[in-house]
**Student:** 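Below you will find the structure I want to go over with you.
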Amino acid sequence: MVACALGWVVLVAGVIAPCGGSAMALADSRRVSTAALGSPPPGRLLVHTLTLSGVATASGLLLAIPAGGLLGSAARGRPWLLGLVLCPLLIPPQVYAYAWSLLPGVGVRAGVAGLIFSGLITAGWLWPAAALIIASGWRTAGQGAWRLALLDTGPFRALVSAALPALRPHLVAAAGTLFAVATIEYAIPHIMLTRVHATELMLLVEAGAPSGQVARLAIGPFLLAVGGAAAAAGSLREVSRWQAVEDEEAWAGGAQTGRGADGACSAGRGMWWATAGVLAVTVGFPAGLMVMNWRDPRSWAEGFRVFGTQWASSAAVAAVSGALAAAVALTVVLWTVAGPRGRVGVAAGLPFLSALTPPAMLGVGMVLVCNGLSGLDRSCPGFPGAAAIARLFEFLYADIPAAWTLVLVGRYAAVAVLVAWLATGRRSVAAVEQARADGANRWAVLTHVLWPMHAPMLLAGGLIVAVLSLSEVVATHLVSPTGLPSIALTVLTHMHYGRDDVVIATSLTMVGGAVVLMTACGRLLGRGG
Amino acid sequence: MESCARRRMSAASAAVRLALLVVGGCDRPEADGLLPVLTFGGQGLGPGQFVYPRAIALAPDGCVFVVDKTARIQRFSGDGEFETSWQMPEWEAGKPTGLFVDRRGRVLVADTHYHRVMIYDRDGHELGRFGTRGTGPGQFELTTDVAEDDAGGLYVSEYGGNDRISRFSADGVYMGSFGGPGSGPAALQRPQGLVWDPQGWLWVTDATHHRVCRFSPDGRLLGSFGEMGAGPGQLKYPYGLALRPDGTLLVSEFGNNRVQRFDRSGASLGIWGGTGREPGRFLGPWGVAAGPGGRVYVLDSGNNRVQVFEIR
């Protein structure tokens, strides 16, 4: 089908191509001295990365538990709550780092203090992802255990002694997810001047080091991220086997768990207050720091005037990235309900491969592929159509932001796939089978069954990818064409130089935008699946 | 990494460019098609190569000094031949963004993230340093540039909250500050470049206000020109500043990817550059320096090179 074909084209161009390029880079055995960069030795660099990721994981879990319990109890009756909890994820991580760097007497720190601080800031950005995973566990196991324990003890002890043990698989999954993302995150350690794999990779790239040298350094964080993701997937896989039975029973009974439940009674006032506190600390406090340092209110309009070109080009690229990511997610949905199981695994797994690749390496991989194809007429003059292919790829890479858009899809399509995947359950399969039994053809199944059922989730996934794309800096720096600036990259450049009204105004705009968009997304996510 | 192949314009790409200009804008202001007579540098860690250079200064003997994001200060001949280099003693917290060579040939480095000015001889031997972090008299936040007046007194610009110019006597005695954050006409926000005018003024690029200011030695604002924009006479994040022997000013605009020439009254005399990687175009030029024989050295930071032009 057309939708499938588009999804596969995007998978090949946006996921397989940069990953393939990254793998090809390993064949380059050249190496240059990096003494001038002052890079830490490999062992110490690994310790730095593990420290930052470990702190982010541990503190992110702690931050996520109250919100996870709250979402698990009340979200389906309150989609706005889902959006509000998720909005910290869509605020660019560099905004967090910049805001915290404005804290008097703190600034940016090198050394161990900087690593810990960076880890805490990363946790403040990523905790909603853990909250979502914990929420699904709370709904199925944690809430019941907690309520039973409440008969004998207080809420806090019930949480610690009963609910959390019941949530162990989901806590492991949440920890694995946080660890994987924190390991490859660049913007926060970059602004906080901490030296981890992500920052050293970009230093190598900026210094013009051979692609093979960059690729060899990227192997470590890639394996760490894959390990974290594998732990998360394995943990969730176990849970999903018995959770599917619950879904079937709920579907057969015509009821949905949690709908209309009274959030205050289900979750406890403590969870509401704790969630509010977490949001206040992780979003409100940094926003407040920026507001306190914002001296000239006119700079808000000036920010759009100064960065107008950047906003326009970034928004256009982000919108297309979101749409393409939704196409990929639709492909996964279609294969899930209609295709053989093996092919589902491939289609759905590929975006996660590129999502876990350090973004600097993803960018390098895409550059290698594009450069190779744009130079085909010189490297393989006898190849049929070499000149036309070379001209085409040079156009796609250097003249329009096609490569930039595709690498963003490679970075974030996994998010759209995950959102769509969560919505695709046995109900979808049953609905398709029912429609086919009634004589519907493929087009009718797509337009009258699958699309109405999954459109909100696909739209939400695409919207989330679009907003994430807006704030991406690493792959954008490597792949965006000259003359098409990115708002996130431009603002990141200016963030190094202390208090700046226009930077603060632009950052606050991004914060506000994330809150508004995620409130809308929450409604879509609440309606879908 | 391999560099990009040269762009070729086709009818299809021209149409798409037009569409992109309409939709998102392509940052390519109109500019004279001036081509460099010499280019040196290039991306890399080796001698003579740069990793995002951010400051350039010319010595009285015509040597060129450049500092980049590896905290290396490299010395070149006026024709771009690499001569020597040395590295800052500390750079973990950040790298310098300002360079100046005084009339004695000393290299003064605005060591931005260490809140100080370092002084070297032309071979990189440290001769001294001054400055500590703070907001008090004689203290610095983020130093950006240094200039010297006719009496040997020094001016040091800084921002990160202080956003001011501090004046020191030839003996290093603090004599006062001017500028500062705020909303008045003399308030500065990220003073990035300084140059002393033999007529007794100090020119300052007030980067985030998108203008160039002229101050008296004691800090009175005598005038300013420029406003945010991409047209002639307008500026967008002016960083580098140079004064030519004929009294005209050169301003490198980080935001417009170009160099603009002004007379002392602020009238625009010409623009060259524009966004790009080709010879004659720039990516985020941080600095500009005026050399002998009409030579203009433009620090083309995003392209990791110095382009040398001859302007009569």
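To find a chain, count down the sequence lines: A is the first, B the second, and so on, and within it residues start at 1. Just so you know, these numbers come straight off a predicted model, no measurement behind them.
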**Student:** Is A/Ser33 close to chain B through its backbone or its side chain, or both, or neither, when contacts mean heavy atoms under 4.5 Å?
**Tutor:**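 Interface part for A/Ser33: backbone (N, CA, C, O).
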**Student:** Measuring heavy-atom distances to chain A, does B/Tyr237 have an atom under 4.5 Å in its side chain, in its backbone, in both, or in neither?
**Tutor:**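 Contact with chain A: side chain only.
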**Student:** Check whether B/Leu283 gets within reach of chain A through its side chain, its backbone, both or neither, counting any heavy atom under 4.5 Å.
**Tutor:**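 Just its side chain gets close to chain A.
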**Student:** Side chain from CB out, backbone as N, CA, C, O: work out which of these in A/Gln213 comes under 4.5 Å of a heavy atom of chain B, or both, or neither.
**Tutor:**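 Neither the backbone nor the side chain of A/Gln213 comes within 4.5 Å of chain B.
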**Student:** Would you mind checking if A/Asp501 and A/Arg295 are paired as a salt bridge, meaning a charged N to carboxylate O distance below 4.0 Å?
**Tutor:**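 No, A/Arg295 and A/Asp501 are not salt-bridged.
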**Student:** For B/Asp300, run the salt bridge (charged side-chain N to carboxylate O under 4.0 Å, His left out) check against B/Arg305, B/Arg258, B/Arg277 and tell me which one passes.
**Tutor:**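 Going through the options one by one, the only one that passes is B/Arg305.
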**Student:** Can you say whether A/Asn293 sits under 4.5 Å from chain B via the side chain, the backbone, both, or neither, judging by heavy atoms?
**Tutor:**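 Nothing of A/Asn293, per the 4.5 Å heavy-atom cut-off to chain B.
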**Student:** Can the ring centres of B/Tyr239 and B/Tyr159 be said to be less than 6.0 Å apart?
**Tutor:**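 Between B/Tyr239 and B/Tyr159, the centre distance exceeds or equals 6.0 Å.
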**Student:** How about A/Tyr186 and A/His477: are their ring centroids closer than 6.0 Å?
**Tutor:**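 That pair fails the under 6.0 Å test.
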**Student:** Regarding B/Ser166 and B/Ser177, do their side chains bring together a donor and an acceptor under 3.5 Å, going by distance alone?
**Tutor:**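 A pair is found: one side chain offers a donor N or O, the other an acceptor, under 3.5 Å apart.
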